[in-house]
Every structure is written in structure tokens, then in C-alpha cells.
Q: 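There's a structure below that I have some questions on.
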Amino acid sequence: MPLETPARIVRELARRGYNAEREAVTLLAGAADPATAVDAAVETAPDDALRLTTDHVRSALSVANDEPSPEAAAGTGTPDATSPDTAPPDATSPDTAPPDATSPDSARTAPTSDDTTASTPNKNTDISTTKSGTPPETKGSPDSATPARQPEPPAVVGDITGRSTGTGEYGDFVSVFRDRYEKLSGQLRGRVNHRPASAIDDMPGGSDVAMIGLVNDIRSSANGHWIVELEDTTGTFPCLVTKDRDIADLVDELLLDECVAVEGTLSDDAGIVFVDALYFPDVPRTYRPNTADRHVQAALISDVHVGSQEFMADAWERFADWLHTEEAAAVEYLLIAGDMVEGVGVYPDQDEELDIVDIYDQYERFSEHLKAVPGDMEIVMIPGNHDAVRLAEPQPAFDEELRDIMTAHDARIVGNPSTVTVEGVSILMYHGVSLDEVIAELPEAKASYDDPHRAMYHLLKKRHVAPKYGGHMRLAPEERDYLVVEDVPDVFHTGHVHKLGYGKYHNVLAVNSGCWQAQTAFQKSVNIDPDAGFAPIVDLDTLDLTVRKFA
Ligand code: D5M
Ligand code: FE
Ligand code: ZN
């Protein structure tokens, strides 16, 4: 096979079991004879290497050119490659045309010299055998003029992994709802002068009153008004929202078990609160998101569904190829919000559409596809409802057995949901099963599959990624409610509904990232037309978003 393009080189390396750093691929593509260079590089790399580094390639090329390189000759694979001119002067390949972008003027800076050939050698030739959570240290050469551009290891909070204590008993449900109430009432407390339900019980009719509670029941009265029953740690109290008030428009967006505050007046018989104002925990309108202090981008994807007959391998390859191009040089992070594989036995009759029937084989194949992604990108992944972890949320990260299958990339493997901070920007990653609930319960104008980001806005407003217990979403009762959105994220990233949508809610960028699976028989039967083969790319320095299409 001729190996004149980075894309072909990446595939050939993946076939031989290697993931490769971007610059390593660029060097190979620019070699006089790329095929021989690939052979030499693979030869030079230590036997247990998973990732082909720039240093491996440099030493292979210098050996091929008969340049003195004692370290390479010794086969250690850690040469001190201080000479940038071992790199070919023009290593970018003109025939890797970028795929269509729906926004062709996507922001990216002109490549700086260290983007291509003259970059500081990355001396980190350690093989990535570290476990997720502790990515290998990257050390810049002390005598180098320019520091190597490297993504930072992401910081993660709110991850259940390793902290699950729930046994599914009654007491756990009490704990998790108590914690939800504590956290969300804390967010509302400054806005209303609330009283506990038990104290309201003792107040005289006509009193001004405020209460914070979880929505326990919503019913309409004989006259078409709404009775919203709120529950706090002391009891429940009914609250009446009359149909002619503006706030009546908010009742149709309430979900059971979410936390709200009301203000109003007690009825003459002191049996019900007439509601004047309704508050959600919400994101402040004035929220100022954090941004990166350099031009760097993250690709936000989800729902790869490897193992399904509908998995779009060609689109994925085009995406992975594009990541190796100059145009994608700033894309240093890849965030994957669940459903890596199609799984087994997720939905009725799913087996009829499986391409790979064994779940572990599905992850093996997924891992192969991940090898085509540049080895120097930081990858973060959370599980979804098709993945091989418990279905109930919060979902812990993949176990050791699955991690072992996916070691090639040393991805950061965390639970669903998790908040990941990269380059100072916090990104709340949540697979999105509750979006089905929000879309089913709220009126079409407020949440629909065509505008999944608007459904996400409601989760931000409720400051909870999956308010309603029961229904689609299964809740694992834990001591704490990991599904509360405690801190406002700068970016909210979900998937699951297989529709692309994005927008800003009180300055928070919400992105639902589409999928890599063509329409399934079920989706056809219910008229779901998935947005497949798109990669939303976020500028972490501006939070602007560009969507690239690979299908
Ligand atoms: O689900 C993708 C989307 O399609 C999500 O909105 C649920 C819906 N879906 C897909 N298959 C089914 C079946 N069989 N029943 C109900 N809803 C379904 P994902 O879980 O990511 O495949
Ligand atoms: Fe999915
Ligand atoms: Zn899903």
C-alpha cells in the first residue's frame, strides 16, 4: 500500500497496533520513502510500546540516514533529538483535504513553526502504561528554545467512580434526596426567606410565606389551576398556581423531584399557599464563563456505537484523518460523552442489528478506531446507557478489564456524569438519558429532539442532570446526589438523543453532539432522523463552536 498521506500512515500504524503522535505521523509522511520509514519506526519502537512517538520516528529516520544517533543504535528509543532538521522541511501533505465544515471560516490560527517540523522534541518516550487518571508526565527539553505544545491532563470532579456506597436500600434513597435538597435549597436560600413545611403548618391564614422543596406532585384543580405539592425535610405543603398568572407558564416545565422555591400568601384557612413567584436554582444571567488563555480546541462527540451494523466507520476514519491535518492542529482534546459501543441486550431486537455480538470484541474494535486519533491528544470518556457499566446513574467509569482493552490511548476514563476542567474551562459531561424524559414531559416548544440543546437548558435551570426519578432514568441511590450541578460549568456536553444542537444558556455553552451511527430500525419506526458523523469543535479560548461534517 502506498503510504504517501498521513491518513494512510495512521491506518497502517493502527493495523500494526500503534497509536501515533501527530508529529510522528507528519515526520513519516515527509520521509523520502514513507513505507520504509514506517517499517523502521516500528522496528525502533520498543516491543511493548503502544504509542509511536516523535522520538521513535526521529531515531528511526536518523538511523536510516546514517546519522550518528548512539541512543537509537542502542535501541533505547530515547534519543536526545535536539536537531529539528532531521525533520523534512515540508511535512504537511496537500492531499489530505479537510472535510466539509458547515462553518468554513472556523477559527484557527495560522500554524506556528512548532506545529509542523521544528517543534521541540517531546522527550517523553515513556510508554503509556500508567493507569487512567495519571497521564504520563510530559517533560520539555530544558535546553529547548520553544516549549512543546502539549494538552494538559484534565482535572475531574463529581465522579462517582470508586466512591459508590449505595446498596439500593430505603435508607440510601432517603440520603440521596436529602443531599439533593441540601445542595439545591442552598442555591435558592439567598433568594427567598423560606420556612420549613412544618412551620408553615403553624402559621395563620393570610401570612406571607416562602418555601423551598422538591416537587412531590403536580395536579390540576377542578377549575384548571395547578396544585404543586412541595416536600422538604419536615413535610409537604400544597402550593396553588392560578391559571391566569404568568407563572402558570412555568408549571409545564416542572419535573417531579426537582427543587424549586415559591413565594406567596397563605390561604385564609392556612391550608394552601397562593403562589406569586416561582424560582429555579438556575444559572445566574451574569455568569461569566472561564476561557483558555491560548488558542486551543476540543472536539465534543458521543454515541460512537461501535459494534452496530450502522456504525459509520468511514465517517469516523475521515474524522480521525482530519485530526491529523494542520487544520486540526489546535484540536488537542477529544471528549466522548458515552455510548462508545453498541452494547448487547440494550433494547429489544437489538441483536438483529449487531455487527459484533461480543461486548468485549466491541471494545476491542472501538479501541482500534481510537488508535487512528492522534496519540498526543488528551481523550476523556464517560459511559452511556449502551456501555458495559451499571445502567443506573451516576454510572461509574469502565472497569479494569475494559480499561485494559483501551490502553492504547491512555484516555482519562471517568464516570457519568463528570466535570472535567481543561485549560481552565470546566465541561460538565453527562450522557443524556434524562433528555428523553425532559423532551417527553415538556411542551414541544420548550424541548424537542430537533433542539436538544434547549432540553439541556432546562437541566441547567434545574441545576440537576436528571431530576425525575423513575421513568427513563434509573437512579442509583448513593449517599450524595452526584447528579446535582453544584458549580456552574462553562460548557455542558451531552449526547444520547443522537441529534446535534448547541447554543448558550446564560453564557454556558450547551452542546449535544450527534452520533456516529446511521438510523437504526427502531429510530426509523419512530421517525428519529439522527445527526450522524458531525464533530462539534469548541474554541476553548472563546467558547465559539464550529461543526464539522464527516459523513
Ligand atoms: O438512544 C438514541 C435515542 O433513541 C434516544 O433518544 C433513545 C432512543 N431510542 C433508541 N432505541 C430505542 C428503543 N428501542 N426504545 C426506546 N427508545 C429508543 P441510544 O440509547 O443512544 O441508542
Ligand atoms: Fe447513543
Ligand atoms: Zn444513549
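Whatever order the structure lists ligands and atoms in, that order sets their numbers, starting from 1.
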Q: Taking NZ, NE, NH1 and NH2 as the nitrogens, is one of them in Glu12 or Arg16 under 4.0 Å from a carboxylate oxygen of the other?
A: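 So Glu12 pairs with Arg16 through a salt bridge.
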Q: Work out which heavy atom in Pro284 is nearest to a heavy atom in Val488; give both atom names and the distance.
A: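 Taking Pro284 first and Val488 second, the nearest heavy atoms are CD-CG2, 4.2 Å.
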Q: What atoms of ligand 1 come closer than 4.0 angstrom to any heavy atom of Asp303?
A: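 Counting from 1, the qualifying ligand atoms are 21 (O).
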Q: Does Arg390 reach the main-chain N or O of Pro394 with its side chain, forming a donor-acceptor pair under 3.5 Å?
A: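 Present.
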Q: On a heavy-atom basis, which atom in Glu378 and which in Pro153 lie closest, and how many Å separate them?
A: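 Scanning both residues completely, I find the closest heavy atoms to be OE2-CA, 3.9 Å.
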Q: Taking 4.0 angstrom as the limit, do Glu437 and Lys462 come out as a salt bridge?
A: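 A salt bridge is absent here (no side-chain N lies under 4.0 Å from a carboxylate O).
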Q: Ignoring angles and geometry beyond distance, decide whether His431 reaches within less than 3.5 Å of ligand 1 through its nitrogen or oxygen atoms.
A: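 Min N/O separation from ligand 1 is not below 3.5 Å for His431.
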Q: Please report the shortest heavy-atom distance between Trp226 and Ala248, naming the atom on each side.
A: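 Closest approach of Trp226 to Ala248: NE1-O, 4.5 Å.
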Q: Tell me which part of Leu435 gets within contact of ligand 1: side chain, backbone, both or neither, using heavy atoms under 4.0 Å.
A: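 Near ligand 1, Leu435 shows nothing, with every heavy atom at 4.0 Å or more.
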Q: Would you call Lys183 and Asp481 a salt bridge, taking side-chain N to carboxylate O under 4.0 Å as the test?
A: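 Salt bridge flag = no for Asp481 with Lys183.
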Q: Classify the ring geometry between Phe311 and Trp316 as parallel (under 30°), tilted (30 to 60°) or perpendicular (over 60°).
A: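 Judged by the thresholds at 30° and 60°, the geometry between Phe311 and Trp316 is tilted.
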Q: Considering only the protein, which heavy-atom contact is closest to atom 9 (N) of ligand 1, and what is its distance?
A: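 So the nearest neighbour among protein heavy atoms is Phe522 CE2, 3.2 Å.
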Q: Keeping to distances under 2.8 Å, can you name the protein N/O/S atoms close to the Zn ion (ligand 3)?
A: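 Checking every protein N, O and S atom gives Asp339 OD2, Asn385 OD1, His431 NE2, His496 ND1.
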Q: If you count the atoms of ligand 1 from 1 in the order shown, which ones are under 4.0 Å from a heavy atom of Tyr449?
A: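 In order of number, 6 (O).
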Q: Which label fits Phe522 and Tyr347: parallel for a plane angle under 30°, tilted from 30 to 60°, or perpendicular past 60°?
A: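 If you compare the ring of Phe522 with that of Tyr347, the planes turn out parallel.
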Q: Between Lys524 and Glu310, does any NZ, NE, NH1 or NH2 come within less than 4.0 Å of an OD or OE carboxylate oxygen?
A: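 Answer for the salt bridge query: no.
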Q: Closer than 2.8 Å to the Fe ion (ligand 2), what protein N/O/S atoms do you find?
A: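 Near the Fe ion (ligand 2), below 2.8 Å, one finds Asp303 OD1, His305 NE2, Asp339 OD2, His498 NE2.
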Q: List ligand 1 atoms under 4.0 Å from His305, heavy atoms only on the residue side.
A: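 Under 4.0 Å from His305, ligand 1 has these atoms: 21 (O), 22 (O).
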Q: Going by the atom numbers of ligand 1, which of them fall below 4.0 Å from some non-hydrogen atom of Asn385?
A: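 Under 4.0 Å from Asn385, ligand 1 has these atoms: 20 (O).
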Q: Among all protein non-hydrogen atoms, which one is nearest to atom 6 (O) of ligand 1, and what is the separation to 0.1 Å?
A: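 Atom 6 (O) of ligand 1 sits closest to the protein heavy atom Asp436 OD1, 2.7 Å.
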Q: Evaluating non-hydrogen atoms only, which member of Gln523, His386, Gln350, Gln517 is closest to atom 19 (P) of ligand 1?
A: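 It is His386 whose heavy atom sits nearest to atom 19 (P) of ligand 1.
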Q: If you apply the rule ring-ring contact (aromatic ring centres under 6.0 Å, His included), what do you find for Tyr363 with Phe398, and how did you get there?
A: CA-CA 11 Å; Tyr363 282 98; Phe398 300 130; 5.5 Å; yes
Q: With a 4.0 Å cut-off on N to O distance, would you call Arg294 and Glu423 a salt bridge?
A: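 The answer is yes: the pair qualifies as a salt bridge.
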Q: Would you kindly specify which portion of Asp339 sits under 4.0 Å from ligand 1, judged on non-hydrogen atoms: side chain, backbone, both or neither?
A: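 The answer is the side chain.
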Q: Testing Glu393, His496, Gln395, His493 one by one against His431 for a side-chain hydrogen bond (donor to acceptor under 3.5 Å, both in side chains), which residue passes?
A: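 Testing His431 for a side-chain hydrogen bond (donor to acceptor under 3.5 Å, both in side chains) against Glu393, His496, Gln395, His493 leaves exactly one candidate, His496.
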Q: I'd like to check which ligand 1 atoms, numbered from 1 as shown, lie under 4.0 Å from a non-hydrogen atom of Ile528.
A: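 Counting atoms of ligand 1 from 1, those under 4.0 Å from Ile528 are 4 (O).
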Q: Please write down residue, atom name and distance for the protein heavy atom closest to atom 2 (C) of ligand 1.
A: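 The closest one turns out to be His496 O, 2.9 Å.
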Q: Less than 4.0 angstrom from a charged side-chain N to a carboxylate O is my criterion; do Arg11 and Glu317 meet it?
A: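 Counted as a salt bridge, because a side-chain N and a carboxylate O are separated by less than 4.0 Å.
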Q: What orientation do Phe550 and Trp322 show, parallel under 30°, tilted 30 to 60°, or perpendicular over 60°?
A: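 Taking Trp322 first and then Phe550, their aromatic rings sit tilted (interplane angle of 30° to 60°).
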